[in-house]
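These numbers come from the heavy atoms of this one structure, side chains and all, not from hydrogens, waters or symmetry mates.
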Amino acid sequence: MNTAERVVDTLSALGTEYVFGYPGGRVIEVFETLADHDEIAVVRPRDEREASVMAESYGRMTGQPGVLAGQGPWIGSLGNMGQMEARLASSPMVAITEASERGDYSTLAPYQQSRGDYGGLALPKILDGVTKEWWFPRSPTETVRSTQLAFKHATAGRPGPTAVILDGDAVSDEFPEDSVPPVWDDERQVQNWQAQPTDADVADAVEALESADRPVIISGNGVHAADAYDELQAVADAYDAVVATSYLGKSTIPEVHDRAAGVIGSFGHEGANQVVSEADTLLVVGCRMNPMDTNWQATSFIRPDEQTIVHADIDTRNAGWVYPADVGLIGDATESLAALADAGGSENGWALDRAAEAREDFSVPECESDDVPIMPQRACKAIESVVDSETVVTADSGNNRFWLLNYLQTPDTETYYGSGGVGGMGWAAPAAVTAALLGKDAIGVAGDGGFTMTMTAVETAVDHGVAPTFVILNDTSLGMVRQMDDSIPGVEFHDTDFVQVAEALGGEGHRITDPAALEPTLQEAKANDVPTVLDVRIDREPDMAETLQSSFYAEVGGLHE
C-alpha cells in the first residue's frame with residue numbers, strides 16, 4: 001500500500017469518525033483514500049476556517065481528537081482559527097496538512113510551497129506558534145509514526161492541537177512492510193495514562209477543605225476535558241461546598257443544581273462572584289484563572305493572603321500560576337476529584353442556602369419583558385425553555401455570549417459550550433453543526449456579525465442531513481464594540497435578510513420581532529428536519545458591559561475587552 005493509505009488505516013484504527021477539511025495539495029492523496037473507508041465520514045465545509053472550528057468543537061465535545069485536513073497555506077491561515085481555539089480551550093485536535101512541495105521545483109520561484117525555503121512561506125513556523133507539537137516527516141515511516149504521535153500528544157496531559165505536515169514522496173511512496181525503525185500498532189503507540197496527585201498533596205487538600213467554614217469550588221474547562229462531572233458533584237457533596245464555574249466551565253455542573261452558584265468573572269453573575277469572595281477555602285479545578293475569570297485580579301475578589309487556595313490542574317505550571325496556591329493537586333481532574341471525594345468530608349450548613357441565593361441572578365425582570373424590540377435577556381430565557389439534557393447550545397463571541405452566560409440556566413452537564421479560548425467570532429455556527437452530527441439537538445447562538453462570518457455552516461448542515469437551529473441575536477451592528485464607543489468606524493451593518501440567506505443555503509428562516517413568538521418558533525425549529533435560522537431582532541440599547549459587569553470588575557476600571 002502507499003503511505004497515504006497507511007495513514008488512513010491509522011485514522012480508522014484510532015476510531016476517527018469524521019475528517020473535517022478541504023482537499024488540496026498533497027492531502028488530496030489522503031482524501032482519495034478516504035473514499036474507500038465508509039467508517040470515516042468526510043465533512044467538507046465551504047472553507048478551512050469552518051472546518052477547523054468543527055474539528056476543534058468535536059474534540060471539545062467528545063474528548064477525542066477532531067481531525068482537520070487541508071492544504072498547507074490555508075490550514076496555516078484560515079484554518080488557524082480552530083487551532084488557536086483548541087490551544088487555549090484545551091481541545092484535542094490533529095491537523096493533517098502538507099507543504100505543497102513540488103519536487104525539484106521547490107527551490108525555484110516556488111508556487112504555494114510552504115517548507116520555508118527561499119521564496120516560500122514557512123508553515124512549520126506558523127504552526128509552531130499555535131500547536132502543542134508538529135511533525136514534518138521526510139519518509140513513509142516517519143509519516144505514519146508522526147500521525148500516531150500527533151494523536152498521542154493531542155490527548156497527553158493538557159489536550160490541544162497537533163499537526164503533521166506531509167511532504168512530497170513521504171506521503172505518496174509505498175509504505176515498507178518491514179520498516180526500520182519499526183512502526184508499532186496504532187492503538188498501542190497512541191496510548192496515554194492518566195496522572196494523579198500524590199497522597200501527601202491529597203491529604204493537605206482534604207485538611208484544608210475539612211477545616212473550611214465556607215468552601216467554594218471554581219470549576220473550569222478542565223472538568224469538561226476530563227469528563228469529571230460526577231466527581232465534581234461528589235466532592236461538592238462531600239465537603240458541603242458551593243460550585244461556581246468559569247466562562248469555559250459553564251455546564252460542568254447543572255446550573256439548576258442545589259450547589260450551583262453560576263458563572264464568575266467580569267461579566268458573570270454578581271452572586272457567584274460574591275460567593276467566591278466570601279469563601280475561606282477555594283478549590284480551583286481545571287481553571288487557569290485568566291483575567292476575565294478573576295475580574296482582572298480585583299484585590300477584593302480573590303485574596304491569597306486571606307483565603308486558602310487548593311489548585312487542581314493537569315499541568316503543574318497552571319497550579320498557582322496566577323494566584324499563589326497553598327496546595328497543588330497535579331493530575332487529571334477525574335483522578336484529583338475522586339481522590340478528594342474518597343478521602344474526607346465535612347458539613348458547614350452554609351453552602352445550600354448561599355448557592356440558592358446566588359442562583360437568583362439567573363433571572364431579572366427583563367427576562368419576562370414583552371417589549372419590542374426584544375430584550376436580549378428575554379431571548380436567552382426563550383432559548384433556555386427549549387434546552388434539555390439532549391440539547392447543546394454553542395455560543396459565539398461578543399455580547400451574545402455574555403447575555404447567555406447570565407440568563408441561560410443550563411439543566412445538565414455538557415449542554416453549553418462557548419467560544420472562549422481565543423474567543424473568535426464565527427465559532428458558534430460550525431460548532432452547532434458538529435453537535436448535530438454527534439446526535440444532539442443543537443442551537444448555535446451568535447450576533448449578526450459572528451453568524452455572517454460562518455453562515456455557510458447552514459449549507460454544511462444541509463449537506464450532511466442534520467438540522468441544528470441557528471439563533472441570531474440581531475442588533476444590526478458589531479454590538480460589543482459599538483457599545484464601547486459608537487464613533488468607531490465599521491460597527492454598523494446593513495440589514496441583512498437572513499431568512500433569504502437561510503433559504504438560499506437550503507435551510508429555513510424566520511424573522512422574530514414579537515417576543516411572544518420566541519418559544520413556539522424555537523420549538524418548531526428544534527423539530528424541523530432542515531436547519532433553521534431564527535433572526536431575532538433584539539433591542540440594541542441595553543449596554544451589556546454596563547448591565548452585566550460585576551462590582552469587582554468595576555473596581556479595576558471597567559471594560560478591558
Side-chain angles (χ1 to χ4, degrees), residues 157-158 195-223 225-226 228 231-246 249 252-253 259 261 264-265 272-351 354-355 552:
R158 180 184 167 202
Q196 60 186 30
T198 67
D199 291 342
D201 288 337
V202 171
D204 288 344
V206 168
E207 181 181 358
L209 290 166
E210 286 185 334
S211 62
D213 293 320
R214 298 179 304 281
V216 175
I217 301 171
I218 298 176
S219 177
N221 190 53
V223 175
E231 291 79 6
L232 173 67
Q233 292 185 37
V235 171
D237 288 339
Y239 297 95
D240 200 9
V242 178
V243 181
T245 75
S246 68
T252 53
I253 187 171
R259 297 191 179 278
I264 64 170
N273 281 309
Q274 292 290 346
V275 164
V276 168
S277 180
E278 293 167 15
D280 55 5
T281 297
L282 290 172
L283 170 59
V284 182
V285 186
C287 177
R288 289 171 291 150
M289 309 295 281
N290 72 41
M292 293 286 283
D293 293 329
T294 63
N295 289 284
W296 300 84
Q297 296 193 51
T299 56
S300 64
F301 181 49
I302 293 176
R303 306 174 305 285
D305 292 339
E306 301 174 28
Q307 297 170 304
T308 299
I309 298 177
V310 179
H311 200 154
D313 202 279
I314 190 69
D315 191 331
T316 187
R317 295 173 297 182
N318 291 347
W321 177 7
V322 177
Y323 294 106
D326 297 284
V327 184
L329 299 176
I330 307 307
D332 180 85
T334 303
E335 298 291 333
S336 295
L337 290 170
L340 289 177
D342 291 342
S346 61
E347 294 184 9
N348 56 65
W350 169 80
R354 191 64 187 86
F552 299 99

Student: Please answer whether the main-chain N or O of S246 pairs with a side-chain N or O of D293 as donor and acceptor at a distance below 3.5 Å.
Tutor: no

Student: Do side-chain atoms of R259 reach the backbone of A355 as a donor and acceptor pair under 3.5 angstrom?
Tutor: no

Student: Nearest 0.5 angstrom please: I264 CD1 to T294 OG1, how far?
Tutor: 8.0 Å

Student: Flag the pair E231 / V223 as yes when at least one side-chain heavy-atom distance between them is below 4.5 Å, and no otherwise.
Tutor: no

Student: Charged N to carboxylate O below 4.0 Å: is that the case for D313 and R288?
Tutor: no

Student: T334 versus Q196: any side-chain heavy-atom pair under 4.5 Å?
Tutor: no

Student: Is it the case that atom CD in E210 sees more than 12 heavy atoms from other parts of the structure closer than 6.0 Å?
Tutor: yes

Student: Could you tell me the separation between the OG atom of S336 and the CG atom of L232, rounded to the nearest 0.5 Å?
Tutor: 12.0 Å

Student: Quick one: closest heavy-atom pair of P215 and L209, and the distance?
Tutor: CB-CD2, 4.5 Å

Student: Could you report the tightest heavy-atom contact between F301 and N273, atom names first, then the distance?
Tutor: CE1-O, 3.3 Å

Student: State, to 0.1 Å, how close P197 and V202 come at their nearest heavy-atom pair, and which atoms those are.
Tutor: CG-CG2, 3.7 Å

Student: Going by heavy atoms in the side chains, are I309 and I302 under 4.5 Å from each other?
Tutor: yes

Student: Could you give the distance from OG1 (T316) to CH2 (W321), rounded to the nearest 0.5 Å?
Tutor: 12.5 Å

Student: For I218 and C287, which heavy atoms make the closest approach, and how far apart are they?
Tutor: CG2-SG, 4.4 Å

Student: Looking only at atom types and distance, does a side-chain atom of D280 sit under 3.5 Å from a main-chain N or O of R214, one as donor and one as acceptor?
Tutor: yes

Student: If we only count heavy atoms from C-beta on, is the Q233 to I253 side-chain gap below 4.5 Å?
Tutor: yes

Student: Run the numbers on W350 and V242 for side chain to side chain contact (heavy atoms under 4.5 Å, CB included), then give the verdict.
Tutor: CA-CA 9 Å; W350 169 80; V242 178; 3.7 Å; yes

Student: Does any non-hydrogen side-chain atom of L283 lie less than 4.5 Å from one of Y239?
Tutor: no

Student: Is there side-chain contact between V216 and E278, with at least one heavy-atom pair below 4.5 Å?
Tutor: no

Student: Would you find a donor on one side and an acceptor on the other, under 3.5 Å apart, between the side chain of D332 and the backbone of A226?
Tutor: no

Student: Is a side-chain donor or acceptor of D240 paired with a backbone partner of G349 at a separation under 3.5 angstrom?
Tutor: yes

Student: I want to check something: taking the side chain as every heavy atom from C-beta on, are S277 and R303 in contact at a cut-off of under 4.5 Å?
Tutor: yes

Student: Return the minimal non-hydrogen interatomic distance between V285 and A333, and the atom names on each side.
Tutor: CG1-CB, 4.1 Å

Student: Taking all non-hydrogen atoms of both residues into account, name the closest pair between A319 and I330 and its distance.
Tutor: CB-CD1, 3.8 Å

Student: To the nearest 0.5 Å, tell me how far N221 CG sits from T245 OG1.
Tutor: 10.5 Å

Student: Give the C-alpha distance, both sets of side-chain angles, the deciding distance and a yes or no for side chain to side chain contact (heavy atoms under 4.5 Å, CB included) between L340 and L329.
Tutor: CA-CA 10 Å; L340 289 177; L329 299 176; 3.8 Å; yes

Student: Could you grab the distance from atom CG of D326 to atom CG of L282, nearest 0.5 Å is fine?
Tutor: 10.0 Å

Student: Do the non-hydrogen side-chain atoms of Q274 and R354 ever get within less than 4.5 Å of each other?
Tutor: yes

Student: Measure the NE2-OH distance between H311 and Y323 for me, rounded to the nearest 0.5 Å.
Tutor: 11.5 Å

